[in-house]
2 protein chains.
Amino acid sequence: MARPTGRPIRNELLDAARLLIQTRGINGFSYGSLAASAGIKAPSIHHHFPHKDQLVAEIAAQYRDEFTDLVRTIDATSAVDRIIDYSRLYAETARVGRSCLCGAIAAEWSSVGEPVRDVVDAFFAEQVEWLRNCVVDGQRRGEIRVEGVDPATFARALFAHLQGALLLARSDDSFGGVTSTTRELVGHITGGD
Amino acid sequence: MARPTGRPIRNELLDAARLLIQTRGINGFSYGSLAASAGIKAPSIHHHFPHKDQLVAEIAAQYRDEFTDLVRTIDATSAVDRIIDYSRLYAETARVGRSCLCGAIAAEWSSVGEPVRDVVDAFFAEQVEWLRNCVVDGQRRGEIRVEGVDPATFARALFAHLQGALLLARSDDSFGGVTSTTRELVGHITGGD
DNA sequence: GTCTATACCAGGATAGAC
DNA sequence: GTCTATCCTGGTATAGAC
């Protein structure tokens, strides 16, 4: 593949490697395959990223930052709408045939080192916490029932559901309906007590 | 590792390989690692399973059969109780530090051949269908609301949630609470219309 | 910053002795 | 049915020329 000019090759490599991990998994991508996508020879990659695990750690950190920025753009007033908008981020990921980068890493947990694991752990915790805050806010606003709804547990269930949906979308295209299943789950906790 | 006598080495290999896949992933296990767990040399495995993909296909088929048998033992009268009991199968899997075999394969979809994919596809479809039947039955029995609950969508959401929970359990032990999140989701669709 | 050449190891697979 | 020896391939990594 030809290499577009004007853009640091380092960023090019980070993006190409991320795509490979999100489509083939941690062990399914190699310096060889990355070299092929980036239009460079495999040993040249070592000049930018001496060790594979450093490359993966940097990709994970960048993914976490960029996803956080994406989530920050969600500005609906309604808490329920914010949750639906959040699910759209996953629907879009599934639509373009990618998995969640951190989900992919979690699936091959034993293949990564501590630095990578720490980033993924933090990412998961942040996402669940963001969802929990949505639920709490929805309860405060009267959109979501207070009785019978535990914000922390429901947030974990929602997040697990999104991760699972992305996992299943790999084998079943029809699972792209992440937003519809999210609506199904959230629809049942709305309304007054 | 020493090899217990009296049991066909073939079954021994199938079990050891399944454990390896469920803990290290498809690409994380090799004939070498399997040989080490089974107390045999790597080339000897080829006598029982000439090609790795055949071995994986057989493991997947066996897993599907055994899981189906397990699900068949769920005999609670209440549909909600059956769903909770079903979630316990996943909770137990997480507890012993394993992932769902088919979930692990889905995560490394590009690393397996068509025969394996067909088995995993069938497994997922069967499980979602089983859950859907539970929801429909619950509605018929008056346990689960009819209005606003789409059995197919809710079943897919439930199943995705279970798969996601198992995925997340790999990085976060506290995610073992698969049953509590299942209760949280199912609790909101119960009661009359 | 990228290349060629190369070292080294691991994985899957086969041949043939025992 | 299991072993040793061996082949081939691919993956990570380094050295050193350009």
Find out whether A/H161 and B/L185 are in side-chain contact, i.e. whether some heavy atom of one side chain is under 4.5 Å from a heavy atom of the other. no
With the threshold set at under 4.0 Å for non-hydrogen atoms, list the residues of residues 44-54 of chain B touching DNA chain C in residue-number order. B/H46, B/P50, B/H51, B/K52
Can you tell if the side chain of A/Y86 reaches within under 4.5 Å of the side chain of A/L162, non-hydrogen atoms only? yes
Run the ring-centre check on A/F154 versus A/F159 and record whether the distance is less than 6.0 Å. no
Expressed as a whole number of angstroms, how long is the span from B/N11:CG to D/dG1:P? 12 Å
Could you tell me the separation between the OH atom of A/Y31 and the P atom of D/dT14, rounded to a whole number of Å? 10 Å
Is there side-chain contact between A/R145 and B/H188, with heavy atoms separated by less than 4.5 Å? yes
Is B/K41 close enough and on-axis enough to B/Y31, meaning under 6.0 Å and within 45°, for cation-pi? no
note: A/F29, atom CZ; D/dG10, atom C1'; distance rounded to Å ~ 15 Å
Separation of atom CG in A/N27 from atom P in C/dA10, rounded to whole Å: 15 Å
A/L34 CG to D/dG10 P, in whole Å, measures 17 Å
Rounded off to whole Å, could you give me the CG-to-P distance for the A/L55 and D/dA13 pair? 10 Å
If you check every side-chain atom of A/P43, which of D/dA13, D/dT2, D/dT4 has the closest atom? D/dA13
According to the interplanar angle, ranging from 0 to 90°, do the rings of B/F123 and B/Y63 count as parallel (below 30°), tilted (30 to 60°) or perpendicular (above 60°)? tilted
Within this structure, what is the NZ-to-P distance between B/K41 and C/dC18, rounded to whole angstrom? 19 Å
